[in-house]
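To find a chain, count down the sequence lines: A is the first, B the second, and so on, and within it residues start at 1. Everything numeric in this text was worked out from a predicted model, so none of it was measured.
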There are 2 protein chains.
Amino acid sequence: MSVASPFRPVSRQSLSESVYLQLKDRIVRRELTAGASLPSERELSEALGVNRGAVREAIKRLQQSRLIAVRQGGNHVVLDYLDEAGLELLPSLLLDKRGRVSGAAVRSIMAMRSALAPDIAAAAAEHGGAILAAELQALLKQMRAADSDVGALQNHCFEFWKALVAASDNIAFRLAFNSMQRTYRQVWGLLTRVMEAEFRDLAGLGRIVRAVAAGDAEAARTAGRRHVEIGRRALERTLDTSTGEGA
Amino acid sequence: MSVASPFRPVSRQSLSESVYLQLKDRIVRRELTAGASLPSERELSEALGVNRGAVREAIKRLQQSRLIAVRQGGNHVVLDYLDEAGLELLPSLLLDKRGRVSGAAVRSIMAMRSALAPDIAAAAAEHGGAILAAELQALLKQMRAADSDVGALQNHCFEFWKALVAASDNIAFRLAFNSMQRTYRQVWGLLTRVMEAEFRDLAGLGRIVRAVAAGDAEAARTAGRRHVEIGRRALERTLDTSTGEGA
DNA sequence: GTGGTCATCTTATCATACCAGTTGGGGCGA
DNA sequence: TCGCCCCAACTGGTATGATAAGATGACCAC
């Protein structure tokens with residue numbers, strides 16, 4: 001999944017998509033401050049040179065993201081995304097307007113990963129059983145074979161955790177994992193280098209597999225924590241030495 | 001905030017809102033299976049008796065929630081929300097079609113809370129300082145005064161954690177907290193009774209305050225874990241004795 | 001089997017109405 | 001002068017028409 005390819009799918013974004021992205025960025029960058037009113041739909045459609053329907057579709061998506069509040073008869077008002085928005089907004093906060101990675105956002109998501117991973121591993125060990133252990137074992141075998149290709153290891157590592165999350169029998173973990181994964185994807189290439197040490201920690205993944213096979217939740221928790229701390233520390237070191245990095 | 005009142009605001013939901021909710025429910029309940037095609041927009045607008053614009057706005061919101069994939073010229077196809085949707089979907093999974101609480105969803109969200117709360121407390125202790133400690137101390141004082149009213153304690157308890165999360169200096173924690181909070185709100189009244197023991201654990205909150213004041217992250221982590229485990233265990237006991245509960 | 005053409009689906013966009021709720025200011029009465 | 005009410009001018013919400021353009025599968029020539 002998501003193998004690097006010389007071809008990239010051409011992306012045509014619809015008008016409402018463009019409008020949505022533009023407004024979302026202006027809200028996230030605080031150019032439109034919380035409490036302020038948006039221009040009316042008619043003004044927006046004229047200013048942006050698009051149909052009012054396109055504006056309305058974008059507005060509906062902003063409302064869905066809890067970036068604005070809608071009241072019939074009055075203007076749409078901008079909300080404070082720190083108080084209202086959900087985890088889905090995280091990908092939008094990772095890169096600033098010049099495409100540079102936000103160190104604070106990276107630290108945040110890595111902290112969340114460190115908080116969840118041990119419990120995910122523990123839950124998987126509790127519910128996964130022999131079937132999960134076999135699946136993980138097979139993945140680990142593939143990783144040992146792909147030892148030279150860090151990008152492949154990274155993909156396999158992701159699949160490993162995806163399997164753990166799916167087996168954790170926890171819908172919240174699973175949905176949060178999806179949200180976080182979409183954040184990673186934006187800087188997937190950067191992480192390949194920075195977190196290489198974690199992707200090569202097959203011994204740590206092996207400990208998780210053995211804990212799952214044994215149904216030992218505590219051992220899985222410890223092994224999971226040790227494993228993700230490798231990448232976290234590596235990333236902290238990188239952030240400490242370079243204040244910012246181009247994507 | 002969110003005080004019980006004999007009056008509830010009349011909810012007039014727009015057509016597109018109705019369409020969105022109806023389609024979302026059918027997808028979440030697996031009546032529309034992953035991979036299946038949605039009827040065309042014109043068919044939907046005719047079948048539901050609304051204009052195409054309303055259907056289109058609903059479709060855009062489903063796309064935003066990653067419940068469907070949109071391609072011009074082809075039918076919209078339903079995605080597997082377990083693989084695609086984000087944490088924002090959690091509130092939709094808490095109640096089944098008859099309004100009963102899903103035990104699995106409750107256990108899931110409580111597990112996630114238990115995973116995040118210790119690290120939130122630790123991060124807050126690291127970054128909060130004396131200002132946060134004073135704020136928490138004031139909240140705690142209010143709670144001691146409101147000792148007889150469990151509902152008030154519940155609200156204060158929420159404010160307590162909201163302050164911790166805001167001070168944690170972690171955008172991911174904050175956004176995830178918002179998402180989870182919207183899930184709780186649906187069963188806020190039920191939780192008042194079930195988690196009463198946690199809301200009355202002022203000693204535990206006091207330990208967190210002292211750890212924050214001392215800047216002791218590890219103490220805050222331990223105190224946070226102990227505190228939320230109270231509610232979690234209480235909820236587990238309730239779920240174990242009663243298989244389901246009406247809302 | 002490979003590639004091209006075409007009819008016919010679909011969504012995407014546009015334009016223009018009109019309905020419904022909010023707001024604010026001006027006029028009226030006390 | 002003060003307070004109230006009403007109306008005009010906003011706002012978003014709904015409805016319906018048309019045109020453009022992508023997706024798809026049947027079909028055919030090579």
Side-chain angles (χ1 to χ4, degrees), chain A residues 7-24 26-27 32-81 84, chain B residues 7-24 26-27 32-79 84:
Chain A
F7 300 104
R8 281 177 308 129
V10 293
S11 65
R12 284 171 302 95
Q13 75 184 8
S14 71
L15 287 183
S16 70
E17 177 85 2
S18 305
V19 175
Y20 168 72
L21 290 176
Q22 181 169 341
L23 291 175
K24 184 195 70 177
R26 295 192 58 180
I27 293 174
L32 291 168
T33 57
S37 290
L38 243 51
S40 73
E41 294 179 354
R42 290 173 177 82
E43 283 179 48
L44 275 176
S45 71
E46 189 177 1
L48 298 170
V50 298
N51 186 286
R52 191 174 155 215
V55 171
R56 279 185 61 80
E57 286 168 15
I59 294 283
K60 271 289 181 296
R61 293 182 59 176
L62 291 172
Q63 183 185 3
Q64 174 85 352
S65 307
R66 305 199 184 253
L67 294 175
I68 64 172
V70 168
R71 256 168 344 146
Q72 184 175 357
N75 278 318
H76 302 307
V77 316
V78 178
L79 298 176
D80 187 341
Y81 64 83
E84 300 293 337
Chain B
F7 299 105
R8 282 176 308 129
V10 293
S11 65
R12 283 172 293 95
Q13 68 185 12
S14 68
L15 289 183
S16 71
E17 177 83 4
S18 305
V19 174
Y20 168 72
L21 290 176
Q22 180 169 343
L23 290 175
K24 185 194 71 175
R26 295 192 59 181
I27 292 174
L32 291 167
T33 57
S37 291
L38 245 51
S40 75
E41 293 181 354
R42 282 172 173 77
E43 281 179 49
L44 274 177
S45 70
E46 189 177 1
L48 299 170
V50 299
N51 65 80
R52 282 205 318 283
V55 171
R56 282 185 59 79
E57 287 167 13
I59 295 283
K60 272 289 180 297
R61 294 183 59 176
L62 291 171
Q63 182 186 5
Q64 174 86 349
S65 307
R66 305 196 183 256
L67 295 174
I68 65 172
V70 167
R71 296 167 305 164
Q72 184 178 353
N75 275 317
H76 302 313
V77 311
V78 179
L79 298 176
E84 301 293 338

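- Across all non-hydrogen atoms, the minimal contact from B/V70 to B/I59 is CG2-CG2, 4.0 Å.
- Here the closest non-hydrogen pair linking B/V77 and B/S37 is CG1-OG, 4.2 Å.
- When all heavy atoms are compared, the tightest approach of B/L48 to B/V19 is CD1-CG1, 3.8 Å.
- A/S14 contributes atom OG, which lies 7.0 Å from atom CD of B/Q63 (distance to the nearest 0.5 angstrom).
- Within the structure, side chain to side chain donor-acceptor pair (under 3.5 Å) contacts touching residues 42-53 of chain A (residues at least two apart or in different chains) are A/E41-A/R52.
- Using a 4.0 Å heavy-atom criterion, one finds that A/Q63 contacts no nucleic acid atom at all.
- You can see that DNA chain D meets the heavy atoms of chain A within a 4.0 Å-exclusive cut from D/dT11 to D/dT14, reading 5' to 3'.
- Remark: C1' of C/dT13 and CG of A/L48 are 15 Å apart, rounded to the nearest angstrom.
- Looking at residues 68-76 of chain B, you'll see B/V70, B/R71, B/Q72, B/G73, B/G74, B/N75, B/H76 sit with a heavy atom under 4.0 Å from some atom of DNA chain C.
- With axes fitted over five pairs at each extremity, the angle between the ends of the helix from C/dG1-D/dC30 to C/dA30-D/dT1 is 10° (10° resolution).
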Chi angles and distances behind the side-chain contact (heavy atoms from CB on, under 4.5 Å) call for A/L38, A/V78: CA-CA 7 Å; A/L38 243 51; A/V78 178; 3.6 Å; yes

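- If you take CG on B/L32 and NE2 on B/H76, they are separated by 13.0 Å, rounding to the nearest 0.5 Å.
- Rounded to whole angstrom, the span from the CD atom of B/E41 across to the C1' atom of C/dT13 amounts to 11 Å.
- Between B/L23 and the options B/L67, B/I68, B/L62, a side-chain contact (heavy atoms from CB on, under 4.5 Å) holds for only B/L62.
- Side-chain contact between B/V55 and B/V50: present, with at least one pair of heavy atoms (C-beta onward) separated by less than 4.5 Å.
- Partners of A/E17 by salt bridge (charged side-chain N to carboxylate O under 4.0 Å, His left out), not counting sequence neighbours, listed by chain and number: A/R61.
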Listed pairs, N/O of protein and of nucleotides 14-18 of chain C, under 3.5 Å:
| residue | atom | partner | partner atom | Å |
| --- | --- | --- | --- | --- |
| C/dC14 | OP2 | A/N51 | N | 3.2 |
| C/dC14 | N1 | A/N51 | ND2 | 3.4 |
| C/dA15 | N7 | A/N51 | ND2 | 3.1 |

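- Using a 4.0 Å heavy-atom cutoff across all strands shown, A/E43 reaches sugar-phosphate atoms only and no base atom.
- Of the inter-residue distances, the one linking B/R66 atom CZ with B/Q64 atom CD reads 8.0 Å to the nearest 0.5 angstrom.
- Nearest heavy-atom pair, A/A58 versus A/Y20, reported as atom, atom and distance to 0.1 Å: CB-N, 3.6 Å.
- Closest approach of A/A54 to A/S16, counting heavy atoms only: O-CB, 3.5 Å.
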